[in-house]
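Working notes, structure below.
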Amino acid sequence: MNFKSLRGMRDILPEEIRTWQFIEETAKKLLEIYNFKEIRTPILELSELFLRSIGEESDIVEKEMYLFEDKKGRKIALRPEGTASVVRAYIQNALFNHPFPQKFYYLGPMFRYERPQKGRYRQFHQIGVEVFGISTPSVEAELLCLLKDFFSILKIEGLSFEINSLGCKKCRPLYKENLNSYLKNKAPNLCSDCKRRLVKNPLRVLDCKVSECREALKDNPLIIDYLCEDCINHLENLKKELKILEIDYVINPKIVRGLDYYTGTVFEVTTNMLGSQNAVAAGGRYDELVQLLGGHPTPAAGFAIGMERLVEICKQTLILEPEKSLVYIAFAGRNEEKEAKRLVRLLRQKGIKTEAPYEYVSLKNQLKKADRLGVKWVLIVGEEELKKGKYRWKNMKESTEGEAGIEDILSMLEEIK
RNA sequence: GCGGAUGUAGCUCAAAGGUUAGAGCACUGGACUGUGGCUCCAGGUGCUGCGGGUUCGAAUCCCGUCAUCCGCCCCA
């Protein structure tokens, strides 16, 4: 029986991991500078949490969640995204008792049962951030600024920052009314999914990409024309802040987002480097979610970055620092093996990356191995040198060699630490 | 969930219905038991993704299935 990884799930091998680690370390450093704190939440949650937050009508909940029952018959889901869990944790742990704003970041696997494609996997990873307790647009400005700084450190260019507002409790109903009457006329021309959405969640009809729907909705009313004064001011103030921070953006009234908890500002960051899976980060404000999940009314906003897509871009643009170089210990004969093992340990204790043969082979083969490993420094433990209390060193790149005591050797190796 | 393309060795690819499915690279060992790179030699249980069918004969043709990639959809 040959086992293969599940569809849409993949192994990330050492070669690629270095890019992951670089991105993760870069993110953590920057997030700490922006005063975000890491939070780790479970991968499993009650499925109800996602039904309530993401929305029963969303594609994610409707057809993409990994669901199962545990031994007690509880309905469990593998998390399809991070925000719901963080909000749950925020409420459960009464984190609102700390001074506002509360700023969190997380990093980990998410699961959606989708048709896999490049840049779209069933297990994928997100770096996400959430800010609780502040309702001013400075939060969104800070989030967008963070994204811009992050991508700029990673030397990613050709990004587009797109922004929209979805309105609030006050203005959205009026818009929905207008939209509803507009959609009613168009109903016969809509796809079957949308006919159903029409009743339960008309906003999502705008998000439909089926061509017949797009055609029917060419001149649909846009939320951005129905915003109340507060929402208009919010958006205008955000624009001002973005100008101060010198962040280029475009207003895209078509952005709706696939998760129902968004209110007010939403945004997407897309790239021209990825083909059709081109969204590399997205987020927005969700001022009603905390209350919806049982907490005190708390304004909040956040975003998530897609790691796989970011890694894909960074593999093209980033030049990683070379790995720490390896020192190879060879020994001339079986009698020197013990001494070689002691030397390996000593070097490792000094923080030097060291490798040695696990069993005796000819010195020639040891050197051949060292060469194939691409090492620069080889230390040879041999009978004659040991008598003098020395080791033989060999610089494979420059083809030089000599004898030296351990202290001299350690200082020679300083350069590679 | 829909449409299309592709699946041969670790990798890149040959073999266009006819011996025992090959080559380069990579890998392992040897020639060379105290010195690597060059050279030469040797080393493959590849169920030709899997299962069925057609045929005297299938990597090759047909059907199914699984997987990957591309587009749709979805989204990060």
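Throughout, protein chains are lettered first and strands after them, A, B, ... in sequence-line order, and every chain is numbered starting at 1.
The same atom, C1', is picked in B:G43 and in B:G51; the two are 33 Å apart, to the nearest Å. Across B:G10 and B:A5, the matching C1' atoms stand 25 Å from one another, rounded to whole Å. Nucleotides B:G64 and B:G24 are separated by 36 Å at their C1' atoms, to the nearest Å. Comparing B:U28 with B:C13, their P atoms are spaced 24 Å from each other, to the whole Å. Using atom P as the reference point in both B:C25 and B:A42, the two lie 14 Å apart (nearest Å). Distance check on atom P: B:C2 versus B:U65 gives 11 Å, rounded to whole Å.
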Output one line per pair: protein atom, nucleotide atom from nucleotides 37-40 of chain B, and distance, for all N/O pairs under 3.5 Å.
from, atom 1, to, atom 2, distance (Å)
B:G37, O4', A:Asp371, OD2, 3.1
B:G37, O6, A:Ser399, OG, 2.8
B:G37, N1, A:Ser399, OG, 3.1

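With both pairing distances under 3.5 Å, B:U6 is matched to B:A67 as a Watson-Crick or G-U wobble pair. Nucleotide B:C72 forms a Watson-Crick or G-U wobble pair with B:G1, both donor-acceptor distances falling under 3.5 Å.
No salt bridge links A:Glu288 with A:Arg172; every basic N to acidic carboxylate O contact stays at or beyond 4.0 Å. Remark: A:Arg342 engages A:Glu339 in a salt bridge, criterion side-chain N to carboxylate O under 4.0 Å.
The backbone N or O of A:Pro299 sits nowhere less than 3.5 Å from a side-chain atom of A:Arg285 that would complete a donor-acceptor pair.
Within 4.0 Å of A:Arg372, counting heavy atoms only, lie sugar-phosphate atoms of the nucleic acid but no base atom. Nucleic acid contact for A:Gly8: sugar-phosphate only, since backbone atoms but no base atoms lie under 4.0 Å from a heavy atom of the residue.
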For A:Tyr226 and A:Tyr175: C-alpha separation, side-chain torsions, deciding distance, then whether ring pair (Phe, Tyr, Trp, His ring centres under 6.0 Å) applies.
CA-CA 6 Å; A:Tyr226 289 80; A:Tyr175 170 66; 5.4 Å; yes
